[in-house]
Amino acid sequence: MSNFRFLTAGESHGQCLTAIVEGLPAGLRVNIDAINKDLARRQQGYGRGGRMKIETDTADILSGVRFAETMGDPITLRIVNRDWQNWTDRMSVLGEEFGDKVTAVRPGHADLSGVLKYDRDDARDILERASARETAARVAVGALCKEFLQACGIEVVSHVVKIGGIAVDEHNIDRSKIGSGSSELNCYDPVAEEAMKAKIQEAMAAGDTLGGVFEVIVRGAPLGLGSHIQWDKRLDGKLAWALMAIQAIKGVEIGAGFQCGELPGSQIHDEMFLDANHNVYRKTNRAGGLEGGMTNGEEICIKACMKPIPTLMKPLNSVDIGTKQEVAACKERSDVCAVSAASVVGETMTAIVITEAMLDKFGSDAMVDVLSSLTNYKQRVQGGL
Ligand code: EPS
């Protein structure tokens, strides 16, 4: 296993979000603008709530980087919450209790299980950390990983494929362009995007919320990341874990995913052919770039499904943990739809997993060693049979 690891800290309305990343090699050029660009992409999206008008997420690098280059030390990233200014009393670190408690727990949120498990009488003690605001820190880490991957010739991109039941038409999308544009919903079918926006508008008017599906694509990953030899080395498992561990994600599919359970093997497996130089090639990629828990040299394609956000302006029936009565669930400022934001989080979480797999395979002390090891390996496995 590589030495790569990271942790995040911070509450949604606390002072800041912080991440510590350890195990990236020394000698990686760091472009802070690229990190801030991904943070801005996470904030955008039709259907986001009022909070996004308050925040302009940018990362400060507090350690581990000198003269815009990593040194191999742990890297500390910090994103300041501008909204903290409005929460200093209610989120005071050492002050007296202040403000109303959140007791009308929301179905679909961490509120109820959290207060019972952690013995709290205010669901704010749970929702502050359960909030998808935390994903800003993960995006900063993943954006840094994307810079590492870029240096290795690997690109990770994402796009929204469905919102509220409205799906893109694959025929309207040029897959080679995914990642190069910037639409409001991170969607590459403009016709579907307009229909998705109308659907979000409808949900907003009804006090409701919408979920959807996004796809993450990894281009240029070498064959052989991950391994078949042990369950916890399988890369498909690690990717599914990383994507499922994003707030509100309820399903993950690799390649043809659930369709694999419906069609016979002859219509699922990607046949192999040989070109004139004895290189193996395929005409299809239903495996989504992963066979036997390893990359097979094709694009990695993963889809994830996000449930609708549980904070409804027309709230569902619930219970009050203080009065022990049935009540309407609490309402607080939230998003109507955050699938486009989740797509950026999925993209960066995928970048983190692929980075870990690369470091696992090619070493992690110095960039120069990673790159020469990668070059040698590619020559061996991509030189034809
Ligand atoms: C989020 C910030 C939050 C919400 C959303 C995601 O801001 P606030 O709670 O101040 O409005 O917009 O959080 C949730 C969906 C959630 O369940 O907590 C963000 O930065 O992405």
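In each ligand, atom 1 is the first atom listed, and ligand 1 is the first ligand listed.
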* salt bridge (Lys or Arg N to Asp or Glu O under 4.0 Å) assessment of Arg124 paired with Glu11 -> CA-CA 10 Å; Arg124 182 153 302 286; Glu11 284 76 34; over 6 Å; no
* side-chain contact (heavy atoms from CB on, under 4.5 Å) between Leu77 and Ile61, intermediate numbers included -> CA-CA 5 Å; Leu77 297 159; Ile61 300 176; 3.7 Å; yes
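Looking at Lys307, Arg138, Arg133 one by one, the single match for side chain to side chain donor-acceptor pair (under 3.5 Å) with Gln247 turns out to be Arg138. Just one residue in the list Thr103, Leu116, Asp125, Val105 forms a side chain to side chain contact (heavy atoms under 4.5 Å, CB included) with Asp111, and that residue is Val105. Of the candidates Ile302, Ile249, Val161, Ile249 is the only one forming a side chain to side chain contact (heavy atoms under 4.5 Å, CB included) with Phe214.
Within the 4.0 Å heavy-atom cutoff, Gln247 does not count among the residues contacting ligand 1. Contact between Glu55 and ligand 1 is absent, with no heavy atom of the residue lying under 4.0 Å from the ligand. Residue contact check for ligand 1: Ala136 places no non-hydrogen atom closer than 4.0 Å to it.
Looking at ligand 1, you won't find any N or O of Ser334 less than 3.5 Å from one of its N or O atoms. At least one N or O atom of Arg133, backbone or side chain, sits closer than 3.5 Å to an N or O atom of ligand 1. No N or O atom of Thr311 sits closer than 3.5 Å to an N or O atom of ligand 1.
Checked for salt-bridge contact, Arg48 and Glu55 miss the test: no charged N lies under 4.0 Å from a carboxylate O.
From the protein, the heavy atom lying nearest to atom 11 (O) of ligand 1 is Arg333 NE, 2.9 Å. When hydrogens are left out, the protein atom nearest atom 6 (C) of ligand 1 is Asp335 OD2, 3.6 Å; that is the closest non-hydrogen contact. At the shortest separation from atom 13 (O) of ligand 1 among protein heavy atoms lies Ser131 OG, 3.4 Å. Ranking the protein heavy atoms by distance from atom 17 (O) of ligand 1 puts His109 NE2, 3.2 Å first.
A side-chain donor-acceptor contact under 3.5 Å links Asn296 and Glu291.
Only side-chain heavy atoms of Met52 come within less than 4.0 Å of ligand 1; its backbone N, CA, C and O stay farther off.
When Arg51, Arg42, His13 are ranked by how near their heavy atoms come to atom 19 (C) of ligand 1, first place goes to Arg42.
Side-chain contact check for Ile352 versus Phe6: some heavy-atom pair is nearer than 4.5 Å.
A cation-pi contact, defined as under 6.0 Å to the ring centre and within 45° of the axis, links Lys361 to Tyr377.
The Arg48 neighbourhood of ligand 1 comprises atoms 1 (C), 6 (C), 19 (C), 21 (O), with distances under 4.0 Å to a heavy atom of that residue.
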